[in-house]
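Just so we're on the same page: letters track the sequence lines, and every chain starts at 1. From a predicted model like this one, the values you see are computed outputs, not experimental measurements.
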2 protein chains.
Amino acid sequence: MKELSERSGVPVPSIKYYLREGLLDPGEATGATQARYDGRHVERLRLIRVLREIGDVPVARIAAVVRAVEDESLPLQDLLATAHHALGPEPPEGQPSTTRGEVLGHLRAAGWDISTKAPALDVLAAALDALRTMWGPDVGPEVFDRYAAAAFDIASTELDSVDATGGRSATVQQIIVGTVVFEQALVALRRLAQEHHSHRRFASGDAG
Amino acid sequence: MKELSERSGVPVPSIKYYLREGLLDPGEATGATQARYDGRHVERLRLIRVLREIGDVPVARIAAVVRAVEDESLPLQDLLATAHHALGPEPPEGQPSTTRGEVLGHLRAAGWDISTKAPALDVLAAALDALRTMWGPDVGPEVFDRYAAAAFDIASTELDSVDATGGRSATVQQIIVGTVVFEQALVALRRLAQEHHSHRRFASGDAG
DNA sequence: CTGATTGGATAGTTTCACTATCCAATCGAG
DNA sequence: CTCGATTGGATAGTGAAACTATCCAATCAG
């Protein structure tokens, strides 16, 4: 375990913690006080750290993703759905708002083929509710249209670039990493682009 | 205060907490055990809740934004920069990575007019570092090009829609809300679009 | 005058992700 | 075989963040 810690850069107590929480399967025991770990453990630890540090995904969700990946009987389709749901935010407690149905209807009318229970719908509905409490009730789901169009194109090229020939676990890893790290990148780039355009408009000239 | 609580939907102890943390200025005291709050307090509480619940912005950062807004001597330009920085994530400790300079150079080469110290650069650099640890060192900043193009367009239409005629605090409020709620919306829409395209490609037919 | 209420200060709670301590078993040197 | 050091695993403790609850003195209503 000490060696695993050195090879992955993760402290031993943290590895123990991840083991307890089921994020990492135990190495092959070679005696009561010794276990053997391999390259897959190093890989897994790297994945865990990326999800934690870049994506800020809670440990409990990482565990859910990992369980789905380990379950070989789960079809790839369901696995991807599980990963997507686990990487998303907690749906708000309480019964679904009418806003939720509103945004779902709007997207479906635009031709989007999405599940009724996607957690991202709750996020979107919450965002629309927030806009309504700030700007008044006559804000509709169409405020998101520009964003939806951009998201549609981005996701299309993302899915095009998924390489399913590398086997199940490689594909899932691609999706997971893609979902969380490119999300952070997209958000960061939007902020930077806002700064750029803001300089252009209210410009006082210097950029640094 | 009880009335303020009822009008805003925020529990009295939470209002006291926000008062302590400087997110809300005290009402006009009408005696040692009474204070008068007005509509601006209700507005402010709504803003705080949106930032906390939708944007998951830490209380300390909300306080920083609020202080900048209250400081009437701060030019709008600086105010917007402060808000942007405060709403972004904490830059990682330690000296800046070389990756950071790499992404900054790449974006500047593409004509982006951005500050050297934008915290979003740290996020972007961390994302690129993560990709390199997972996929190997020959990944360059150009992996983000598609996202950068999308972000550029989105930010452009966003800045176009900023209405600066409503006064300083209204403008800032627009920027703040726009930054955090449309960010959540964009992220949610990307996930939904991924689901849509995923159905289209690996389709098994039903959509939930 | 008196009993309930209020604003403000202080202390406690909960959750999360670790981090440190213990402990019994075992590995290695002699 | 013996004995001290080390290891994996279980248990307990830590620190940050955002509330939440309790106290307390002052005051408002009747």
For atom [atom1] of [X] and atom [atom2] of [N], their distance in whole Å:
| X | N | atom1 | atom2 | value |
| --- | --- | --- | --- | --- |
| A/E28 | D/dG8 | CD | C1' | 15 Å |
| B/L19 | D/dA18 | CG | C1' | 16 Å |
| A/I48 | C/dA17 | CD1 | P | 12 Å |
| B/L23 | D/dC19 | CG | P | 10 Å |
| B/E21 | C/dT10 | CD | C1' | 14 Å |
| A/D56 | C/dC16 | CG | P | 12 Å |
| B/E3 | C/dG7 | CD | P | 11 Å |
| A/K2 | C/dC27 | NZ | P | 17 Å |

> Does A/R36 get its side chain close enough to the base of D/dT7, under 3.5 Å, for a donor-acceptor pair?
Replying inline: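 Flag unset: no donor-acceptor pair detected.
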Which nucleotide wins on minimum distance to the side chain of [X], given the candidates [options]?
| X | options | value |
| --- | --- | --- |
| A/K16 | D/dG8, C/dC18, D/dT20 | D/dG8 |
| B/M1 | C/dT19, C/dG7, D/dA18 | C/dG7 |
| A/S14 | D/dT27, C/dT19, C/dA25 | C/dT19 |
| A/Y17 | C/dT19, D/dT7, D/dT20 | C/dT19 |
| A/Q34 | D/dT7, C/dT19, C/dC18 | D/dT7 |

>> D/dC19, OP1 or OP2 - any side-chain N/O from B/R52 closer than 4.0 Å?
In response: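 Checking D/dC19 against B/R52, a side-chain N or O does come within under 4.0 Å of OP1 or OP2.
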>> Please give me the minimum heavy-atom distance between B/L76 and B/R168, naming the atom from each residue.
In response: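 B/L76 and B/R168 have their closest heavy atoms at N-NH1, 4.5 Å.
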> Can you name the nearest heavy-atom pair linking A/L80 to B/S198, along with the distance?
Replying inline: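 Residues A/L80 and B/S198, closest heavy atoms: CD1-OG, 4.3 Å.
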> How far apart are the C-alpha atoms of B/F182 and A/R146, what are their side-chain angles, what is the distance that settles it, and do they pass the side chain to side chain contact (heavy atoms under 4.5 Å, CB included) test?
Replying inline: CA-CA 11 Å; B/F182 286 111; A/R146 248 187 274 276; over 6 Å; no
>> Just to be sure I understand the rule, does A/R20 reach a base, reach only the sugar-phosphate, or reach nothing, if contact means heavy atoms closer than 4.0 Å?
In response: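 Answer is base: heavy atoms of A/R20 come under 4.0 Å of a base.
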>> For a quick check of understanding: with a heavy-atom distance under 4.0 Å over all strands, which category does B/P58 fall into, base, sugar-phosphate or nothing?
In response: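 Touches sugar-phosphate only.
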> When the nearest nucleotide of DNA chain D is assigned to A/T33 and to B/G31 on a heavy-atom basis, which residue is associated with the more 5' position?
Replying inline: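 Nearer the 5' end of the strand: A/T33.
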> Backbone N or O of A/T82 within a donor-acceptor pair of the A/H85 side chain at under 3.5 Å?
Replying inline: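 Between the backbone of A/T82 and the side chain of A/H85 there is no qualifying donor-acceptor contact (under 3.5 Å).
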> Is there a donor in the side chain of A/Y37 and an acceptor in the side chain of A/R44, or the other way round, less than 3.5 Å apart?
Replying inline: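 No, no side-chain donor-acceptor pair sits under 3.5 Å.
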